[in-house]
Amino acid sequence: MAVTKTRESAPSYSSSFLLGMYQRMVLIRRFEEQAAESFTKGMLAGNIHLCIGQEASCVGACTALESRDFMTSTHRGHGHCLARGARPDRTMAELFGKATGYCGGKGGSMHIVDVSLGILGANGIVGAGIPIATGSGLVSSIQGTDEVTLCFFGDAASNQGTFHESINMAAAWNLPVIYFCENNQYGVSVPIRSVMNTDTVAERAKAYNIPGITIDGNDPIAVYETVRQAVDRARKGEGPTLIEALTYRHMGHYMGDNAWYRPESYMEEATERDCLANFRARLLGEGISEADITAAEQAAKKEIEEAYVFADESPYPDISAVTEDMYSQMNDRCVAR
Amino acid sequence: MAVTKTRESAPSYSSSFLLGMYQRMVLIRRFEEQAAESFTKGMLAGNIHLCIGQEASCVGACTALESRDFMTSTHRGHGHCLARGARPDRTMAELFGKATGYCGGKGGSMHIVDVSLGILGANGIVGAGIPIATGSGLVSSIQGTDEVTLCFFGDAASNQGTFHESINMAAAWNLPVIYFCENNQYGVSVPIRSVMNTDTVAERAKAYNIPGITIDGNDPIAVYETVRQAVDRARKGEGPTLIEALTYRHMGHYMGDNAWYRPESYMEEATERDCLANFRARLLGEGISEADITAAEQAAKKEIEEAYVFADESPYPDISAVTEDMYSQMNDRCVAR
Amino acid sequence: MSKMSVSAAIREGMREEMQRDERVIQVGEDLGVMGSPFAITKGFLEEFGPNRVIETPISEGSFTGMAVGAAMRGIRPVVELMYNDFISVALDPVMNQAAKLRYMTGGQVTIPMVIRAPMGAGRRNAGQHSACLEALFTHIPGLKVVCPSSAADAKALIKASIRDNDPVIFLEHKLLYAKKEEVPDEEIVLPLGQANVLREGTDITILTWSRQVYFVQEAAEKLAAEGISCEVIDLRTLVPLDWDTIKASVEKTHNLLVVEEGVKRGGIGAELTAQVIEELYDELDSPVGRVAGLNICSPFSPPLEDVNFPQVADSIAAVKRQLNR
Amino acid sequence: MSKMSVSAAIREGMREEMQRDERVIQVGEDLGVMGSPFAITKGFLEEFGPNRVIETPISEGSFTGMAVGAAMRGIRPVVELMYNDFISVALDPVMNQAAKLRYMTGGQVTIPMVIRAPMGAGRRNAGQHSACLEALFTHIPGLKVVCPSSAADAKALIKASIRDNDPVIFLEHKLLYAKKEEVPDEEIVLPLGQANVLREGTDITILTWSRQVYFVQEAAEKLAAEGISCEVIDLRTLVPLDWDTIKASVEKTHNLLVVEEGVKRGGIGAELTAQVIEELYDELDSPVGRVAGLNICSPFSPPLEDVNFPQVADSIAAVKRQLNR
Ligand SMILES: Cc1ncc(C[n+]2csc(CCOP(=O)(O)OP(=O)(O)O)c2C)c(N)n1
Ligand SMILES: Cc1ncc(C[n+]2csc(CCOP(=O)(O)OP(=O)(O)O)c2C)c(N)n1
Ligand SMILES: [Mg+2]
Ligand SMILES: [Mg+2]
């Protein structure tokens, strides 16, 4: 059932739709570049995993969702959340550990969440979001509502037991979940090929008798269309789909890793297939003007500049906040003792 | 790659080979019946999981091993160990919690082990033996030796994350492990069909690009031959195989469970396909005399009677043993404090 | 009042909550047709249907995580781990997800879920099915930990746990399930964090919970015959802790013994000792004593198992030693 | 003597053991070409080859279990969990297998394996990558628990851990890795269970380990200037515990403070308090004190993280409070 999907006929999309996707992709890249710069300057700390190169899969997948839908993200989650509509300023502020961040500074880069957007958590534990997304799918299923849940995870995460256990349940119970694997070919330094015996992650769908589809994750439209179809299936009660988007992680695993362990060819390919450059060219090809494109780029850039200023100027949380939010009903003895 | 295997041409086996297998199957059944009787009389306690009905898969699989090979067992492990050559008396004594038991009474029914026979543990945690067997396979692989490791587990255990994670590693690294699933169709009261989306467990092999074979687990010769082939493959360095032996659990999940949750048809089928009765008929068909068969049965029966007396008459461990064996280098403070 | 077993009391409590609040669902192995190995969910499938009784494959790591996801969607899952020892395959959703998500999201989510698990020795279940792991759970910030001993408490506390908005670990001692006791007919929801003074006394305070409550009461009875007056307190919940009751009792008796079934090293007794030493040191007439399980894996053999966890005689001896009597 | 970082010391110790004993293998993520994120196995792949440096998929539950199986075959695996927090997905092979198999088999097997894991806060790694979980491990019978603080100790203790026939949890504080210190050139294998009296003193004993060793030494230095004499003991291993050294010190100073980074409730400080109260109660002039992390999940934001784990000032204040100075 694993097939490599190429788009047969391109349905036409409105310019504003295409420009909108492009602008969001640029927004994500600028966000990540700004984060990298701030990290290098020592303005923020911790483990920051950038998704530069993966913007098409973030935006393509999230564009296929409706506002009532849900999603889960990963340690490499800024792009997923921004693609879903998270505010760059509050996202950036969270990276800075500021009180105005989405989690009041308590979460940090690996835990950006805006629950009001249906984001059920980013996750620092590889594979841990998969059961959570499955639980969201379970709720839609037992309540008979038609939201779908999009579950992002990496190629390497597909070797965690949660992948098997969760997809098995979703398949057995026909849950409306889209398991969306961003295959950038590496888990930190380990090539997925060296720790897997199939050519694709999508082939694993056979073990659960559900569709498994491998696509070009650098093409936001291919991603959008494939996810859209899976969303339709799920919404109709036809169950889960496993989608594998082939993509590239331009940066190291996290800030501070220069990815010397990868062959040079990796970045050559990645540059050639860079989703932003190629999508830009395609927009021009579809007759969208250079001026409109530049305007979108400028708008994205401006939003990030403002986000940076917002984050930088925001206050750190008051240290009295440190014990808050641990329990919903504050019981002094729980936290104090 | 998942195929339902039926034997094409029956190679001929010597009478003594066939009788030997039969006798061991009878031995296991008598052992289990004796254990059940003793349990009912209140002579032993705890969770006792009997394998009545599954003797063909125990004996067929273990007969395909050489003495240098290894295996892991499960919570339903008496038959695996006896098939591998464990002594009924020390096995029974372990069930009775006696000092003469294999584990000095510390392990009990779920943890029968004779390490000198290459048994690397039975296991009370469903799925936990799978990584252990994989580790044994790893050792043979990195040391360049040719032992194989046989890993028993149940149908329901194939839904644990360890199944996925371990077989993935074994497949990626070509480890000499035979993953042998005894599919008795139930995990306690839950029909495997209700929590799995494929028809067979063997189909899951596709996710790892290794052979997956479903066989009649009630036919000890079919089991023997299939495992033998997998052993040969593994020994030659051709990697792991997933084998699914379809079988029946005649009793409840453990003593005290009368399995009322199963449809009546289950035991009707099980009785019709009972491995002992059918193999006996086959032996007769192959020209083995009733007298020889009866002699084998008597010998098995006698061994179990002796095992029972041995277990019953053996002393309980001295309570001073309670803190022994916790650490290899006894450090009083580790255990005492 | 009606007489029912602890297992029936838990079942009744859950059933009432499921009737009251349709967001409450059950998740776990063998909960459907079988009604769980200890009959805790018997009849639930018929009464509430398969959408509220989720019978899972043997995939604890993921079905517990799935429950966390469901809780984030406003559902109130009650998850059963068949034995508390199986937390070994489901620790991540408990420790790194359920317990932390509220905090890590800056309070954006609540995780109103209960994880029920049978625990305890004495049933000859051997090394991987007999532990009392409450100390492991109390060390994980974000969890509440409940360990009822009586049928009435079990019912009142499971109801409170289900209504609680934080993840609650609800530990049921296997050897208490069959215990039949009076349970009030009217609805009682016992606040988490309220200990129960089972026996008033003046010489020594004994803190305990779960099955040891019965052992300790028997010990106190026997000690009374020898003129030693024990105050026996069933803590009922370990997080949050009812400090006021502990404090009042220690200020009265000036001696404290903690009795628990679990492994001694790093057990609850250690934490209680430390808290009392920190805050009530000057109240004490004797060093705080601990009676607990040995620092070993549970042995199968009955005579070995019986020396592994504390018996009535152990508590009696400890009290006498501590009071020099 | 040569100056090396703690991470280099661990690497050297492991390298020597791998050279000495070919049964020693490495198992974990990113240990090969990359040589692990903290460079702990740098060069191992080249020196020992892929049969002894097993670079795994992200499958902690199974590769740790695989190591247990390998250990049963006579191999001596050193497993790396990239962060100790990930024990959440690998608890079963540690708690229910490695720790118990020797006991459950009646001594038929030994499990000579080491599980190394970076731990600790201060690196802004947030809620799922910053815990100190030593208390969780010490509560599991069958494990030994080692927490070195200096480069020399780290080297000598990793060697001892690899040679030990029981499963050893070896916890390395991330913020110590870069610390450069003198390490003796000659081979030293430090027995597990030997504490180190880093500073002699007469007023109070402070027990600590891992990164807090440095905080406490600084506190002791400052307290000395104010005329308070602290005896600082680096426990180095938590199981087995060097009771003799603890006892001798408490009998000398008559006051005890335990300082740890991990969560206070159910922490090591509780167990040490309880043991000292049980055995040395009459030696004490003050209640045993505890300085520890808050009972919360690690916050990301630097100012919040810094109040979560104990700082030098916290230990100073605790000592003064305890001694009424
Ligand atoms: C359970 C667990 N193991 C290991 C890690 C450390 N870690 C964080 S991300 C990562 C690699 C993940 O690779 P992949 O799933 O392919 O996602 P990518 O980083 O490529 O986006 C690892 C090993 C972790 N966070 N959690
Ligand atoms: C991790 C874990 N979960 C649950 C159990 C309880 N349990 C013991 S055996 C069993 C069913 C196993 O079914 P299967 O693997 O098919 O083996 P069978 O009993 O049919 O031989 C269950 C649920 C356990 N021992 N370990
Ligand atoms: Mg990747
Ligand atoms: Mg089964």
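This is a predicted model, so every value here is computed, not measured. Hydrogens, waters and symmetry mates are skipped; everything else that's a heavy atom, side chains included, is used. Below, chain A is the first sequence line, B the second, and so on; all start at residue 1.
Ranked by heavy-atom pairs under 4.5 Å with chain B, the list D:P167, D:G74, D:G106 is led by D:G106. Between chain B and the residues D:G107, D:G142, D:G61, the most heavy-atom pairs under 4.5 angstrom are made by D:G142. When D:G69, D:S62, D:P240 are compared by the number of non-hydrogen pairs under 4.5 Å with chain B, D:S62 comes out ahead. Considering only heavy-atom pairs separated by less than 4.5 Å from chain D, the leading option among B:I132, B:V113, B:D114 is B:I132.
D:D92 touches chain B through its side chain: at least one heavy atom from C-beta onward sits under 4.5 Å away, while N, CA, C and O do not. With a 4.5 angstrom heavy-atom cutoff, D:L143 touches chain B only via backbone atoms. Within the 4.5 angstrom heavy-atom criterion, no atom of B:Q160 approaches chain D. If you measure heavy-atom distances from B:V177 to chain D, you find no contacts under 4.5 Å at all. The contact between D:N165 and chain B is made by backbone and side chain atoms together, counting heavy-atom distances below 4.5 Å. Only the side chain of B:N168 comes within contact range of chain D, judged by heavy atoms closer than 4.5 Å. Heavy atoms closer than 4.5 Å to chain B are found in the backbone of D:A99, but not in its side chain. Of the two parts of D:T56, the backbone and the side chain both hold a non-hydrogen atom closer than 4.5 Å to a non-hydrogen atom of chain B.
Summarising the geometry, atom OG1 belonging to D:T105 is positioned 11.0 Å from atom CG belonging to B:L120; distances are rounded to the nearest 0.5 Å. Annotation: the span from D:K100 atom NZ to B:K106 atom NZ amounts to 14.5 Å, rounded to 0.5 Å. Here CG of D:L241 is found 9.0 Å from SG of B:C334. Values are rounded to the nearest 0.5 Å. In this structure, D:S59 OG and B:I167 CD1 are separated by 12.0 Å, a value rounded to the nearest 0.5 Å.
For the residue pair D:Q108 and B:D325, no side-chain donor N or O sits within less than 3.5 Å of a side-chain acceptor on the partner. There is no side-chain donor-acceptor pair under 3.5 Å between B:S328 and D:T110.
Of the residues B:L138, B:T162, B:V139, B:I130, the one that meets the side-chain contact (heavy atoms from CB on, under 4.5 Å) test with D:M66 is B:L138.
Within a 6.0 Å radius of CD in B:E238, more than 12 heavy atoms belonging to other residues, nucleotides or ligands are found. In this structure, D:K247 places its NZ atom where only 12 or fewer heavy-atom neighbours from other residues, nucleotides or ligands lie under 6.0 Å away.
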Check against side-chain contact (heavy atoms from CB on, under 4.5 Å), D:Q97 and B:N123: CA-CA 9 Å; D:Q97 313 299 332; B:N123 221 305; 2.8 Å; yes
Pair B:Q143-D:N51, side chain to side chain donor-acceptor pair (under 3.5 Å): steps then yes or no: CA-CA 8 Å; B:Q143 294 188 333; D:N51 281 338; over 6 Å; no
Full working for side-chain contact (heavy atoms from CB on, under 4.5 Å) between B:C103 and D:M104: CA-CA 7 Å; B:C103 312; D:M104 288 196 315; over 6 Å; no
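Judged by the 6.0 Å and 45° rule, D:K144 forms no cation-pi pair with B:Y327.
A 4.5 Å side-chain heavy-atom check between B:S140 and D:R73 finds at least one atom pair inside the cut-off. Between D:I58 and B:E165 the shortest side-chain heavy-atom distance does not fall below 4.5 Å. Side-chain contact between B:S136 and D:M72 is absent, with no heavy-atom pair separated by less than 4.5 Å. Considering only heavy atoms from C-beta on, B:I142 comes within 4.5 Å of D:I54 through its side chain. Side-chain contact between B:T134 and D:F63 is absent, with no heavy atoms from C-beta onward closer than 4.5 Å.
The existence of a salt bridge linking B:E324 and D:R102 is excluded, since no basic side-chain nitrogen approaches an acidic carboxylate oxygen closer than 4.0 Å.
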